[in-house]
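Let me begin by presenting the structure, written as structure tokens, before commenting on it.
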Amino acid sequence: SNLIEMRDVGKRFANGTVAIRDMSLTIRDGEFVSFLGPSGCGKSTALKMISGLLSVSGGQLAVNGHPPGQGRDNADIGFVFQDATLMPWATVFDNVYLPLKLSGRSRAEARSRVEEALAMVGLANFAKAYPRELSGGMKMRVSIARAMVTRPKLLLMDEPFAALDEMTRAKLNDEVLSLWRSHGLTVIFVTHSVFESVYLSSRVVVMAARPGRVVHDIPLPGGYPRD
Ligand code: ADP
Ligand code: ADP
């Protein structure tokens, strides 16, 4: 079924910048889609509208049949930002616990979920560590665990690995693919790397800037092996 429907969606910021013009897109359950394009083409803005962090200024957008952030549980969406954005004063456990804490769960209730999420990213033994003790790749894994701890259907990733070295990035690409496969996720992965988009996704949505818009929507039927 269709998870995301965008019909002529636009975004104009208060200062007059048109970040997105007439974006129309349908994303089905279980797809792994990349948004590929140069800096400023509206990739982040599109993700933020899909997650409900930003409102749309025109057109229609539905996630699971509802406008984002309405009539549905936000916990169905996991968001991984460009930097790991961890709280430096909190342990790995507490960083991953945060979304569950915000939804009112006690630490005791949340424990097994947090442990499950840390195990997913190979960091089961790092619950008591602090972010400063971790490598860049490990911090990013914590950030992925934090996004997965609510067991989302939809994982939105905004240039997550741009700051990492190539080896770490390659490992994390494979880890994201195996998460996607094993959890029945729908993933939207924002990148300006052609390699990354083709390696990861079964569909590449190419965007251009000024104004931000979709210029190609390319299925990759012969892309990365699906199973
Ligand atoms: P990308 O993620 O593709 O680099 P963005 O979605 O961040 O692009 O930005 C798209 C356009 O919108 C850019 O021109 C950017 O400067 C502008 N923009 C982003 N956020 C804001 C904002 N809060 N206010 C005004 N303009 C913004
Ligand atoms: P990455 O950058 O992908 O996290 P690195 O190979 O740069 O991985 O690892 C940096 C340090 O962290 C190394 O000493 C590595 O052994 C250690 N490390 C990374 N991931 C783990 C893990 N899951 N368990 C134990 N040690 C790890």
Side-chain angles (χ1 to χ4, degrees), residues 3-27 31-63 67-70 74 76-86 136-137 139-140 143-144 146-147 152 154-166 168-169 172-173 176-177 180 185-220 223:
L3 183 59
I4 297 169
E5 302 249 27
M6 301 179 85
R7 289 285 162 267
D8 304 319
V9 168
K11 181 66 189 180
R12 174 194 282 270
F13 285 106
N15 69 358
T17 303
V18 177
I20 304 253
R21 176 179 290 170
D22 294 341
M23 185 164 179
S24 295
L25 208 59
T26 300
I27 296 178
E31 280 196 274
F32 195 130
V33 183
S34 297
F35 289 177
L36 171 70
S39 180
C41 70
K43 305 183 296 296
S44 293
T45 301
L47 270 202
K48 286 176 186 157
M49 290 191 296
I50 289 167
S51 70
L53 286 173
L54 280 178
S55 61
V56 307
S57 32
Q60 287 92 46
L61 170 59
V63 181
Q70 277 174 241
N74 279 325
D76 284 352
I77 300 181
F79 207 124
V80 176
F81 298 91
Q82 222 169 96
D83 305 302
T85 61
L86 303 179
K139 279 186 237 185
M140 184 47 69
S143 164
I144 293 171
R146 181 182 56 194
L154 175 61
L155 183 61
L156 304 176
M157 307 187 82
D158 189 357
E159 295 192 45
F161 309 146
L164 301 173
D165 66 87
E166 258 181 280
T168 303
R169 198 165 170 169
L172 281 162
N173 280 337
V176 167
L177 277 174
W180 169 69
L185 286 172
T186 306
V187 178
I188 306 178
F189 192 100
V190 162
T191 181
H192 50 240
S193 158
V194 174
F195 170 80
E196 211 166 48
S197 68
V198 171
Y199 184 72
L200 287 171
S201 53
S202 42
R203 176 178 176 194
V204 181
V205 172
V206 184
M207 299 177 67
R210 280 185 294 273
R213 64 203 186 278
V214 175
V215 290
H216 296 289
D217 188 343
I218 309 166
L220 296 174

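Counting starts at 1 for both ligands and their atoms, in listed order. The basis for the numbers below is simple: all heavy atoms, side chains too, and nothing from hydrogens, waters or symmetry mates.
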> Can you find an N/O atom of Gly42 closer than 3.5 Å to an N/O atom of ligand 1?
Replying inline: yes
>> Does the protein come close to atom 3 (O) of ligand 1 - that is, does one of its heavy atoms sit below 4.0 Å from that atom?
In response: yes
> Do any non-hydrogen protein atoms sit less than 4.0 Å from atom 19 (C) of ligand 1?
Replying inline: yes
> With a 4.0 Å cut-off on heavy atoms, does Gly212 reach ligand 1?
Replying inline: no
> Side chains of Ser34 and Ser201: do they bring a donor and an acceptor to under 3.5 Å?
Replying inline: yes
>> Could you identify the single nearest non-hydrogen protein atom to atom 7 (O) of ligand 1 and state the distance to 0.1 Å?
In response: Ser44 CB, 3.8 Å
> Taking the side chain as C-beta and beyond, is there a heavy-atom pair between Val56 and Met6 under 4.5 Å?
Replying inline: no
> Where is the tightest heavy-atom contact between Phe161 and Met140, given as atom of each residue plus distance?
Replying inline: CE2-CG, 3.4 Å
> Atoms of ligand 1 less than 4.0 Å from Lys43 heavy atoms?
Replying inline: 1 (P), 2 (O), 3 (O), 4 (O), 6 (O), 8 (O)
> Non-hydrogen atoms of Gly40 versus ligand 1: any pair closer than 4.0 Å?
Replying inline: yes
> Taking only heavy atoms of Pro38, which atoms of ligand 1 are found under 4.0 Å from at least one of them?
Replying inline: 3 (O)
>> A quick test of your reading: do over 12 heavy atoms of other residues, nucleotides or ligands sit less than 6.0 Å from CZ of Arg210?
In response: no
>> So if I apply the side chain to side chain contact (heavy atoms under 4.5 Å, CB included) rule between Ile4 and each of Leu25, Thr186, Ile27, Val33, which one comes out positive?
In response: Ile27
>> Just to be sure I read this right, does ligand 1 sit under 4.0 Å from the backbone of Thr45, its side chain, both, or neither, counting only heavy atoms?
In response: both
> Judged by modelled atom types alone, do Thr26 and Glu5 share a side-chain donor-acceptor pair under 3.5 Å?
Replying inline: yes
> Would you call Asp158 and Lys43 a salt bridge, taking side-chain N to carboxylate O under 4.0 Å as the test?
Replying inline: no
>> Heavy-atom distances under 4.0 Å decide this one: backbone, side chain, both or neither, for Ala209 against ligand 1?
In response: neither
> For atom 12 (O) of ligand 1, what is the nearest protein heavy atom, given as residue, atom name and distance?
Replying inline: Ala19 CB, 3.3 Å
>> Which residue and atom name correspond to the protein heavy atom nearest atom 17 (C) of ligand 1, and how close is it?
In response: Thr17 CG2, 3.9 Å
> N/O of Phe13 under 3.5 Å from N/O of ligand 1, yes or no?
Replying inline: no
> Aromatic rings Phe32 and Trp180: how do their planes relate, parallel, tilted or perpendicular, breaks at 30° and 60°?
Replying inline: perpendicular
> Can any side-chain N or O of Lys139 pair as donor or acceptor with the backbone N or O of Leu86 at less than 3.5 Å?
Replying inline: no
